[in-house]
Amino acid sequence: MTAGAANADATKAGAAEAGRDFIRDIVQADVDTGRVRGVVTRFPPEPNGFLHLGHAKSICLNFGVAKEFGGRCHLRFDDTNPVKEEQLFIDSIQRDVRWLGFDWGEHLYHASDYFEQLYDYAEHLIRAGNAYVDDTPPEAMRAQRGTLTEPGQNSPFRTRPVEESLDLFRRMRAGEFPNGARVLRAKIDMASGNMNLRDPVLYRILHARHPRTGDAWAIYPTYDFAHGQSDAIEHITHSICTLEFEDHRPLYDWLIENLPVPSTPHQYEFARLNVTYTVLSKRHLTKLVADGLVSGWDDPRMPTLAGIRRRGVPAAALREFVARVGVARAYSVVDVAMFEAAIRDTLNPTAPRRMAVLRPLKLIIENYPEGQTETLEARNHPDNPDAGTRPLTFGRELYVEQDDFMEHPPKKFFRLSPGKEVRLRWGYLVTCREVVKDAAGTVVALRCTYDPESRGGNAPDGRKVQATLHWLAAADAKPAEIRLYSHLFNRPDPGADGDVLADLNPDSLDVLADALVEPALLDAPVGEAVQFERTGYFAPDPDSQPGRPVFNRTVGLRDTWAKVSAKG
RNA sequence: UGGGGGAUAGUUUAGCGGUAAAACUCCCGGCUCUGACCCGGGCAUCCUUGGUUCGAAUCCAGGUCCCCCAGCCA
């Protein structure tokens with residue numbers, strides 16, 4: 001029985017319907033056959049970095065499936081490695097999951113909540129002869145493990161008596177040995193073709209302070225030992241993870257079978273998300289932050305949820321993107337254009353329209369009375385009258401976009417050029433009469449005339465113009481800083497040649513310090529995107545100061561002219 | 001014959017024996033007070049070879065290519 005409405009707020013018809021991929025097919029079958037009573041999933045991040053686009057896919061999948069099947073999804077921190085994990089990340093992860101639109105209710109857990117239970121399970125394994133304490137040093141252990149094509153060798157400690165292992169394991173816990181001195185290993189099969197079954201390490205000695213358990217422990221369970229058992233303790237029915245854990249599944253199942261756990265969860269794997277011009281590995285993202293190559297985890301160019309949010313992308317757009325991408329088992333790299341399309345499609349129906357001039361060019365209307373201004377009315381949304389209107393000041397001195405003027409225009413250039421008439425949106429038709437240049441020959445202003453009969457934007461004689469330009473009256477244009485972003489990397493597959501940082505795009509940030517915006521934009525709420533007509537979607541940045549707003553370009557509008565002009 | 005997994009338009013997916021569908025991208029055109037939105041149209045040797053079948057992307061057999069695994073990371 002599916003609810004099938006998890007992404008009901010997806011904005012575009014034709015979007016992938018929630019509920020049809022191989023994971024959901026499995027869950028459906030398990031529900032139909034009664035293998036499970038209720039559906040319980042979990043999102044299990046390790047708190048060693050910020051959540052990113054890839055996690056969004058996992059979050060939407062895990063929380064989405066749970067919701068659709070009337071079950072629940074736990075948020076569980078996989079905090080088994082205190083040397084890498086921090087409270088900062090624990091906090092940011094919760095904020096980001098909530099922002100994405102999901103709620104774990106009372107079900108917030110940590111693998112560290114189960115340390116005592118996991119320890120008992122470990123002793124159980126030892127007593128059953130299924131695990132042993134190994135004193136082999138790391139390098140020697142690596143040599144004994146064999147290679148992909150050659151079997152490994154049994155450790156000399158593999159036959160250690162149960163009582164001795166038990167005693168040693170207890171003393172490991174008591175902190176009697178230094179880091180790396182011994183480990184607890186499962187006794188499975190050193191000749192297995194699956195490396196994960198060659199007596200995997202279950203516990204290692206780590207004299208490290210844990211964000212939650214402090215100094216209570218000197219030993220910590222590995223991912224393999226903690227994850228499945230945590231799933232079992234929480235009665236997770238479907239433990240969904242990415243493809244690289246596929247060959248851990250036999251170990252996952254082995255542990256579940258050999259331990260007196262309260263339930264038998266199953267693991268399913270799907271292909272992780274990859275996006276062109278983007279890097280989604282914690283290692284690389286951490287490096288970008290640590291080396292100061294971006295302003296922080298929430299730099300709007302970062303693929304982190306914090307960065308995406310700051311850039312102005314609504315959570316609904318992210319959910320829509322994930323839904324469009326789908327879930328499968330084949331390795332894939334999604335075109336970042338698909339993400340941008342989802343953002344536009346989400347924002348277009350609702351984002352209020354405003355005008356902003358990114359690179360101002362003065363325009364003087366010669367036949368407009370000096371010192372006079374008037375108020376015009378502009379619609380806030382072209383397709384939605386309910387969005388209302390706002391007043392716009394018109395006057396003799398205006399600003400238009402530098403890109404909207406060419407002294408020697410190519411054939412298909414519809415905008416302003418000497419002698420050409422265009423419309424100023426919601427204003428008047430104006431004709432360029434004269435180009436004013438400075439000593440260096442740079443165009444500094446345009447002298448134009450306007451048609452007083454065209455108030456509102458149309459001439460009584462019905463004549464047409466090819467272009468409508470956005471503009472601002474000098475009298476009330478407000479200064480603003482506008483930050484334009486492009487891909488952080490300059491090739492679709494950063495790092496393909498080995499060095500990710502070498503592929504950083506040096507021009508990913510373009511700060512326009514002298515932009516102008518409508519007065520109505522001065523009190524725009526941070527993070528809420530508006531459309532600057534003809535240029536894109538923008539959102540106020542937290543760096544904004546009173547009287548000095550800062551806007552981030554969330555995503556540009558589709559720009560057909562740019563393609564035409566590029567072709568020459 | 002180390003183990004595990006995957007191949008459907010440029011990209012991501014659907015298709016589950018009945019004659020390839022959608023979204024994104026790209027190209028052509030229409031509409032337009034945003035060159036936006038919107039609306040038409042175009043873009044597939046279903047990895048390959050053979051087999052089963054009236055009929056195969058779907059089933060079978062062989063081959064090819066790609067991805068993951070040798071942390072006391074997750």
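In what follows, every chain begins at residue 1, and chains take the letters A, B, ... in the order their sequences are listed.
Taking the ring centre of A/Y119 as origin, the terminal cationic atom of A/R173 falls inside the region bounded by 6.0 Å and 45° from the ring axis.
Pair check for B/rA74 finds none; no Watson-Crick or G-U wobble contact set falls under 3.5 Å. With both pairing distances under 3.5 Å, B/rA7 is matched to B/rU64 as a Watson-Crick or G-U wobble pair. Nucleotide B/rA14 forms no Watson-Crick or G-U wobble pair with any nucleotide shown, as no partner meets the under 3.5 Å limit on both distances. B/rC59 is paired with B/rG51 under the criterion used here, namely a Watson-Crick or G-U wobble arrangement in which both key atom distances are under 3.5 Å. Using N1 to N3 plus N6-O4 or O6-N4 for Watson-Crick, or N1-O2 and O6-N3 for G-U wobble, each under 3.5 Å, B/rG40 pairs with B/rC28.
Nearest nucleotide to the side chain of A/R558, out of B/rC73, B/rC16, B/rU25: B/rU25.
Counting non-hydrogen atoms under 4.0 angstrom, A/E269 reaches nothing in the nucleic acid.
A/R249 contributes no side-chain N or O that forms a donor-acceptor pair with the base of B/rG4 under 3.5 Å.
With A/F115 as the fixed residue, the ring pair (Phe, Tyr, Trp, His ring centres under 6.0 Å) test singles out one of A/Y220, A/Y121, A/Y203: A/Y220. Checking each of A/R145, A/R158, A/K187 against A/D199 for a salt bridge (Lys or Arg N to Asp or Glu O under 4.0 Å) leaves exactly one that passes, namely A/R158.
In this structure, the CD atom of A/E401 is 12 Å from the P atom of B/rG35, given to the nearest Å. Atom CG of A/D345 is separated from atom C1' of B/rC38 by 12 Å (rounded to the nearest Å). Nucleotide B/rU11 holds its C1' atom 16 Å from the CZ atom of A/F339, rounded to whole Å.
A centroid separation of less than 6.0 Å is found between the aromatic rings of A/Y450 and A/Y428.
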**Request:** Scan nucleotides 65-71 of chain B nucleotide by nucleotide, 5' to 3', and note B when protein non-hydrogen atoms come under 4.0 Å of the base, S if they reach only the sugar-phosphate, - if neither.
**Result:** ---BBBS

